[in-house]
Amino acid sequence: DIQMTQSPSSLSASVGDRVTITCRASQAITIYLAWYQQKPGKVPKLLIYDASTLQSGVPSRFSGSGYWTDFTLTISSLQPEDVATYYCQKYNSAPFTFGPGTKVDIK
Amino acid sequence: QVQLVQSGAEVKEPGASVKVSCKASGYTFSSYDVNWVRQAAGQGLEWMGWMNPNSGNTGYSQKFQGRVTMTRNISITTAYMELRSLRSEDTAVYFCARPGVYGNYMDVWGTGTTVTVSS
(Lines give C-alpha, C1' and ligand atoms only; values in the text may rest on other atoms or scores of the structure.)
Protein backbone atom coordinates (compact mmCIF):
# COMPACT_ATOMS: atom_id res chain seq x y z
CA ASP A 1 0.00 0.00 0.00
CA ILE A 2 1.02 3.60 -0.61
CA GLN A 3 2.15 5.44 2.52
CA MET A 4 1.53 9.15 3.11
CA THR A 5 3.84 11.39 5.10
CA GLN A 6 3.47 15.03 6.12
CA SER A 7 5.90 17.64 7.35
CA PRO A 8 6.17 19.31 9.66
CA SER A 9 4.07 17.50 12.26
CA SER A 10 3.33 20.86 13.87
CA LEU A 11 4.11 24.50 13.35
CA SER A 12 3.56 27.81 15.02
CA ALA A 13 3.35 31.00 12.97
CA SER A 14 2.23 34.60 13.34
CA VAL A 15 -0.97 36.07 11.95
CA GLY A 16 -0.29 37.14 8.38
CA ASP A 17 2.55 34.67 7.83
CA ARG A 18 2.76 32.42 4.79
CA VAL A 19 2.50 28.78 5.89
CA THR A 20 3.47 25.74 3.82
CA ILE A 21 2.73 22.10 4.63
CA THR A 22 4.21 19.26 2.64
CA CYS A 23 2.70 15.86 1.86
CA ARG A 24 4.56 13.02 0.18
CA ALA A 25 3.26 9.75 -1.25
CA SER A 26 5.50 6.67 -1.31
CA GLN A 27 4.40 5.97 -4.89
CA ALA A 28 2.96 8.08 -7.71
CA ILE A 29 -0.63 9.22 -7.27
CA THR A 30 -0.61 11.85 -10.06
CA ILE A 31 -3.10 14.54 -8.96
CA TYR A 32 -5.33 12.42 -6.71
CA LEU A 33 -4.57 14.25 -3.50
CA ALA A 34 -6.96 16.09 -1.19
CA TRP A 35 -6.41 18.38 1.80
CA TYR A 36 -8.69 18.64 4.83
CA GLN A 37 -8.90 21.00 7.77
CA GLN A 38 -10.07 19.75 11.13
CA LYS A 39 -10.67 22.07 14.05
CA PRO A 40 -10.76 20.63 17.59
CA GLY A 41 -13.95 18.69 18.22
CA LYS A 42 -15.22 19.27 14.68
CA VAL A 43 -15.77 17.19 11.56
CA PRO A 44 -13.04 17.36 8.90
CA LYS A 45 -13.66 19.85 6.11
CA LEU A 46 -12.53 19.42 2.51
CA LEU A 47 -10.29 22.30 1.37
CA ILE A 48 -8.67 21.13 -1.86
CA TYR A 49 -9.02 18.18 -4.24
CA ASP A 50 -7.18 17.06 -7.35
CA ALA A 51 -4.08 18.54 -5.70
CA SER A 52 -4.94 22.15 -6.56
CA THR A 53 -8.70 22.64 -6.99
CA LEU A 54 -10.18 24.80 -4.26
CA GLN A 55 -13.44 23.45 -2.85
CA SER A 56 -16.35 25.86 -3.18
CA GLY A 57 -16.57 28.29 -0.28
CA VAL A 58 -12.98 27.84 0.88
CA PRO A 59 -11.08 31.13 1.27
CA SER A 60 -8.65 31.95 -1.52
CA ARG A 61 -5.72 32.22 0.91
CA PHE A 62 -5.62 28.41 0.76
CA SER A 63 -3.92 26.88 -2.26
CA GLY A 64 -2.52 23.50 -3.23
CA SER A 65 0.11 22.38 -5.66
CA GLY A 66 2.07 19.32 -6.66
CA TYR A 67 1.98 16.24 -8.84
CA TRP A 68 3.09 12.63 -8.80
CA THR A 69 4.43 12.15 -5.26
CA ASP A 70 5.08 15.60 -3.77
CA PHE A 71 2.40 18.08 -2.77
CA THR A 72 2.05 21.28 -0.78
CA LEU A 73 -0.73 23.16 0.96
CA THR A 74 -0.11 26.87 1.35
CA ILE A 75 -1.91 29.39 3.50
CA SER A 76 -0.87 32.75 2.04
CA SER A 77 -1.73 34.82 5.10
CA LEU A 78 -2.43 32.88 8.28
CA GLN A 79 -5.58 33.92 10.15
CA PRO A 80 -6.61 33.07 13.73
CA GLU A 81 -9.48 30.92 12.42
CA ASP A 82 -6.97 28.71 10.55
CA VAL A 83 -5.81 27.11 13.80
CA ALA A 84 -6.48 23.45 13.07
CA THR A 85 -4.91 20.16 12.06
CA TYR A 86 -4.47 19.64 8.33
CA TYR A 87 -4.52 16.22 6.66
CA CYS A 88 -3.69 15.10 3.16
CA GLN A 89 -5.34 12.03 1.62
CA LYS A 90 -4.63 10.02 -1.51
CA TYR A 91 -7.58 8.75 -3.51
CA ASN A 92 -6.23 7.38 -6.78
CA SER A 93 -7.22 3.91 -5.61
CA ALA A 94 -8.19 2.18 -2.37
CA PRO A 95 -6.99 2.24 0.35
CA PHE A 96 -7.65 5.99 0.59
CA THR A 97 -4.91 6.62 3.11
CA PHE A 98 -4.58 9.84 5.10
CA GLY A 99 -1.36 11.52 6.10
CA PRO A 100 -0.59 11.78 9.83
CA GLY A 101 -1.59 15.44 10.03
CA THR A 102 0.04 18.83 10.64
CA LYS A 103 -1.08 20.87 13.61
CA VAL A 104 -1.04 24.64 12.98
CA ASP A 105 -1.32 27.24 15.71
CA ILE A 106 -0.66 30.92 16.24
CA LYS A 107 2.60 32.14 17.72
CA GLN B 1 -28.99 20.30 1.61
CA VAL B 2 -26.74 17.25 1.50
CA GLN B 3 -26.48 15.67 4.95
CA LEU B 4 -25.18 12.53 6.59
CA VAL B 5 -26.66 12.04 10.06
CA GLN B 6 -25.19 9.29 12.20
CA SER B 7 -26.54 7.29 15.11
CA GLY B 8 -25.79 8.14 18.71
CA ALA B 9 -22.88 7.27 20.96
CA GLU B 10 -22.33 3.65 21.94
CA VAL B 11 -20.61 1.98 24.87
CA LYS B 12 -19.62 -1.64 24.37
CA GLU B 13 -17.71 -4.28 26.27
CA PRO B 14 -14.61 -5.88 24.79
CA GLY B 15 -15.52 -8.71 22.43
CA ALA B 16 -18.90 -7.22 21.53
CA SER B 17 -20.03 -5.78 18.19
CA VAL B 18 -21.26 -2.31 17.27
CA LYS B 19 -23.36 -1.21 14.31
CA VAL B 20 -23.28 2.47 13.38
CA SER B 21 -25.80 3.98 10.97
CA CYS B 22 -25.46 6.89 8.55
CA LYS B 23 -28.67 8.41 7.19
CA ALA B 24 -28.20 10.25 3.89
CA SER B 25 -30.42 13.04 2.60
CA GLY B 26 -30.37 15.77 -0.03
CA TYR B 27 -28.93 13.65 -2.84
CA THR B 28 -29.46 10.38 -4.71
CA PHE B 29 -28.15 7.85 -2.19
CA SER B 30 -27.44 5.11 -4.72
CA SER B 31 -25.25 7.38 -6.87
CA TYR B 32 -22.34 7.77 -4.45
CA ASP B 33 -20.20 5.37 -2.44
CA VAL B 34 -20.14 5.66 1.34
CA ASN B 35 -16.78 5.62 3.08
CA TRP B 36 -16.06 5.07 6.76
CA VAL B 37 -13.24 6.82 8.61
CA ARG B 38 -12.37 6.66 12.29
CA GLN B 39 -10.38 8.83 14.67
CA ALA B 40 -9.14 7.86 18.11
CA ALA B 41 -8.82 10.63 20.68
CA GLY B 42 -5.88 12.88 19.85
CA GLN B 43 -4.99 10.77 16.81
CA GLY B 44 -5.27 11.14 13.04
CA LEU B 45 -7.87 10.02 10.53
CA GLU B 46 -7.94 6.35 9.58
CA TRP B 47 -9.78 5.15 6.47
CA MET B 48 -11.68 1.91 7.08
CA GLY B 49 -13.41 1.09 3.79
CA TRP B 50 -16.09 1.91 1.22
CA MET B 51 -19.46 0.57 0.16
CA ASN B 52 -21.35 1.13 -3.08
CA PRO B 53 -25.06 1.51 -2.22
CA ASN B 54 -26.18 0.55 -5.72
CA SER B 55 -24.39 -2.79 -5.98
CA GLY B 56 -23.60 -3.48 -2.34
CA ASN B 57 -19.96 -3.98 -3.31
CA THR B 58 -17.43 -3.18 -0.60
CA GLY B 59 -13.71 -2.65 -0.14
CA TYR B 60 -12.07 -2.77 3.26
CA SER B 61 -8.74 -1.68 4.65
CA GLN B 62 -6.59 -4.72 5.28
CA LYS B 63 -6.45 -3.72 8.93
CA PHE B 64 -10.19 -4.35 9.35
CA GLN B 65 -10.70 -7.27 6.95
CA GLY B 66 -12.68 -10.03 8.64
CA ARG B 67 -13.88 -7.77 11.43
CA VAL B 68 -15.92 -5.11 9.59
CA THR B 69 -19.02 -5.27 7.41
CA MET B 70 -20.51 -2.32 5.51
CA THR B 71 -24.09 -2.60 4.31
CA ARG B 72 -27.01 -0.42 3.30
CA ASN B 73 -30.78 -0.16 3.18
CA ILE B 74 -31.59 1.78 0.03
CA SER B 75 -35.28 2.18 0.93
CA ILE B 76 -34.35 4.35 3.91
CA THR B 77 -31.14 5.79 2.36
CA THR B 78 -29.04 4.52 5.25
CA ALA B 79 -25.59 2.99 5.33
CA TYR B 80 -24.27 0.84 8.16
CA MET B 81 -20.88 -0.11 9.50
CA GLU B 82 -20.60 -3.08 11.84
CA LEU B 83 -17.36 -3.75 13.70
CA ARG B 84 -16.98 -7.03 15.60
CA SER B 85 -14.70 -8.39 18.30
CA LEU B 86 -14.25 -4.93 19.75
CA ARG B 87 -11.16 -4.10 21.77
CA SER B 88 -10.15 -1.00 23.70
CA GLU B 89 -8.13 0.25 20.72
CA ASP B 90 -11.40 0.56 18.77
CA THR B 91 -12.52 3.41 21.03
CA ALA B 92 -12.86 6.27 18.57
CA VAL B 93 -15.17 8.60 16.71
CA TYR B 94 -16.48 6.91 13.55
CA PHE B 95 -17.43 9.03 10.53
CA CYS B 96 -19.24 8.18 7.34
CA ALA B 97 -18.27 10.30 4.34
CA ARG B 98 -19.48 10.75 0.79
CA PRO B 99 -17.08 11.17 -2.14
CA GLY B 100 -17.17 14.17 -4.42
CA VAL B 101 -18.62 14.43 -7.90
CA TYR B 102 -15.20 14.20 -9.56
CA GLY B 103 -13.38 11.68 -7.41
CA ASN B 104 -13.00 9.75 -4.18
CA TYR B 105 -12.04 12.70 -1.99
CA MET B 106 -14.41 13.05 0.99
CA ASP B 107 -16.78 15.87 0.08
CA VAL B 108 -19.47 15.45 2.75
CA TRP B 109 -18.89 14.11 6.25
CA GLY B 110 -21.29 12.59 8.72
CA THR B 111 -21.91 13.94 12.19
CA GLY B 112 -19.68 11.33 13.84
CA THR B 113 -20.46 8.55 16.30
CA THR B 114 -18.41 8.00 19.44
CA VAL B 115 -17.84 4.35 20.22
CA THR B 116 -16.32 3.55 23.60
CA VAL B 117 -15.06 0.05 24.33
CA SER B 118 -14.68 -0.55 28.02
CA SER B 119 -15.36 -3.24 30.59
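Note that the structure is predicted; figures quoted are calculated from it, not measured. So you know, we letter chains A, B, ... as the sequences are listed, proteins then strands, and number each from 1.
In this structure, B/Arg98 satisfies the cation-pi test against B/Tyr27, with its NZ or CZ atom closer than 6.0 Å to the six-membered ring centre and inside 45 degrees of the ring normal.
Heavy atoms closer than 4.5 Å to chain B are found nowhere in A/Tyr32, neither backbone nor side chain. Contacts between A/Phe96 and chain B at a heavy-atom distance below 4.5 Å involve backbone atoms as well as side-chain atoms. Using a 4.5 Å cut-off between heavy atoms, B/Gln43 touches chain A through its backbone atoms (N, CA, C, O) alone. Interface residue B/Tyr105: backbone and side-chain heavy atoms are both found under 4.5 Å from chain A. With a 4.5 angstrom heavy-atom cutoff, B/Val37 touches chain A only via side-chain atoms.
None of B/Asn73, B/Thr78, B/Thr77 except one satisfies the side-chain hydrogen bond (donor to acceptor under 3.5 Å, both in side chains) rule with B/Lys23; the exception is B/Thr77. Here the options are B/Arg67, B/Lys63, B/Lys12, the test is salt bridge (charged side-chain N to carboxylate O under 4.0 Å, His left out), and the partner is B/Asp90; only B/Arg67 passes.
Between chain B and the residues A/Asp50, A/Asp1, A/Val43, the largest count of heavy-atom pairs under 4.5 Å involves A/Val43. Most heavy-atom pairs under 4.5 Å with chain B: of the set A/Pro95, A/Pro44, A/Pro40, A/Gly99, this distinction falls to A/Pro44.
Checked by atom type, the side-chain pair A/Lys103/A/Ser9 shows no donor-acceptor distance below 3.5 Å.
More than 12 non-hydrogen atoms from other residues, nucleotides or ligands lie less than 6.0 angstrom from CD of A/Glu81.
For B/Trp109 and A/Tyr36, the ring centers sit closer than 6.0 Å to each other.
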